[in-house]
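Input: a single structure, listed below in structure tokens.
Just so it is clear: chains get the letters A, B, ... in the order the sequence lines come, proteins before strands, and each one is counted from 1.
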2 protein chains.
Amino acid sequence: MGRVGLTTERLVRAGAELADEAGFEQVTVSALARRFDVKVASLYSHVQSSQDLKTRIALFALEELADLAADALAGRSGKDALTAFADVYRDYGREHPGRSAAARLRLDPETAAASAGVRHAQLTRAVLRGYDLPEPEQTHAVRLLGSVFHGYVSLELAGGFSHSLPDSEETWARMLDALDALLRNWPTRPTGA
Amino acid sequence: MGRVGLTTERLVRAGAELADEAGFEQVTVSALARRFDVKVASLYSHVQSSQDLKTRIALFALEELADLAADALAGRSGKDALTAFADVYRDYGREHPGRSAAARLRLDPETAAASAGVRHAQLTRAVLRGYDLPEPEQTHAVRLLGSVFHGYVSLELAGGFSHSLPDSEETWARMLDALDALLRNWPTRPTGA
DNA sequence: TGTGTTTGCCTAATAGCTTTAGGCAAATTA
DNA sequence: TAATTTGCCTAAAGCTATTAGGCAAACACA
């Protein structure tokens, strides 16, 4: 009957943990209430709706991920930076599958524009500084890297690369070799056949 | 009161249409029952559960997509094949966003192994035949392409590339140029710095 | 320290989705 | 046409989401 000390903050954190433990789809207002041993309706003072909760968890994950990426990038450049940056995404996906899934939640444009997603793009550009691509090629490269990381983490988490050789580890390393080579050798034109 | 003629087949097809119209998350046994003007419980003779329904829609989409990809690949090779293949995925995502999302549903290993997902991998290998990569590099490349297409379609559908320049169209074309160049010039070793 | 206001968590209630059990009538088969 | 199968229905229970309104703990201040 006492007060538990609910906070939007605490709910979001607990939601992120729940996501990692049980999957992001399992994150529900009810499940969270259960976790705090509190009635469901009580959460509605701190969170507008189920959708709001999920969005907040997504934003939280995006922030956390951007912080990690920024740290990883500090003092690195070139392939070293590329690898460190990429590893942040992959490691996050493996250590925090739920948060990682949350970070992939579809956000409405305004929310997305105000999210740390923007920082992610900037950080990717920072990585590319080491490769010296002119605009608009740099933007294309940003999108390529985003697609690769997003896709790879997603597929790996879905189990796409398990139970088959070669190791996902090896593919990841070779993929980064390939991307590094590609960025150092970015084609200027539809390379003639 | 007459019989409507429900079938697992028809339910799956209608589910796929519903997904495209309203989003895959909106596909529910109830919504489908409404669409057939039938009581919810009636669907349970044709579908085991909500999860079963979604899985069947996912499998349907994977088949359809593999068929389209196979068609597109016929008679093509090299960059021509790569482009046609890639375009199938992107176009499918834009014409059938719901089915496309369904195709990205996490399947349990056995289901995935028996799905058309296997054909997708084979078709990707067919594309790579034009680039003559030795194993295990070919597998790495299959995974890279899978990641890029998966990620790009997903991000584009989420609106990631709208409202910003350059055009998503242009990025897609340049990305394929880049991937073509990369595959023709696949690095053999951690290219020394 | 007492008083008043805020506010956190509760009860109650409505509504939608999922799933199971059991029934009746239409379609199929003999 | 009679027997059997089977398709869709009613009924019911359980879970999630959400809103409205209430009471008491925490806080703010005199």
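When the C1' atom of D/dG7 is taken as reference, atom CZ of B/R3 falls 4 Å away, rounded to whole Å. The separation between B/Y44 atom OH and D/dA11 atom P is 19 Å, rounded to whole Å. In this structure, A/L53 atom CG and D/dT16 atom P are separated by 14 Å, rounded to whole Å. At whole-Å resolution of the value, CZ in B/R10 and P in D/dG7 are 13 Å apart.
For an aromatic pair to be called close, the ring centres must be under 6.0 Å apart, and A/Y152 with A/F161 satisfies this.
Between A/H46 and C/dC9, a side-chain N or O to OP1/OP2 separation shorter than 4.0 Å is present. Using a 4.0 Å cut-off, some side-chain N or O of A/S50 falls inside it from OP1 or OP2 of D/dA17. Checking the phosphate oxygens (OP1, OP2) of D/dG7, no side-chain nitrogen or oxygen of B/S42 falls inside 4.0 Å.
Taking the six-membered ring where the residue is Trp, A/Y92 and A/H96 present tilted rings, their angle falling between 30° and 60°. The aromatic rings of A/W172 and A/F149 lie tilted to each other, with the angle between the two planes from 30° to 60°.
A distance of 12.5 Å separates OG1 in B/T28 from CZ in B/R35, rounded to the nearest 0.5 Å.
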Report each atom pair, protein N/O against N/O of nucleotides 1-4 of chain D, whose distance is under 3.5 angstrom.
none

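Salt bridge B/E17/B/R13: absent, no basic N to carboxylate O contact under 4.0 Å. In summary, B/E170 and A/R143 do not engage in a salt bridge, as defined by a charged side-chain N under 4.0 Å from a carboxylate O.
Every residue two or more places apart in sequence or in another chain was checked for a side chain to side chain contact (heavy atoms under 4.5 Å, CB included) with B/S45, and none qualifies.
With a 4.5 Å cut-off on side-chain heavy atoms, B/E137 and B/Y131 do not count as touching. Between B/T83 and B/D87 the shortest side-chain heavy-atom distance falls below 4.5 Å.
Using a 4.0 Å heavy-atom distance criterion, A/L6 is classed as a sugar-phosphate-only contact.
Contact check of residues 22-41 of chain B against DNA chain C (heavy atom, cut-off under 4.0 Å) returns B/T28, B/V29, B/S30, B/R34, B/V40, B/A41.
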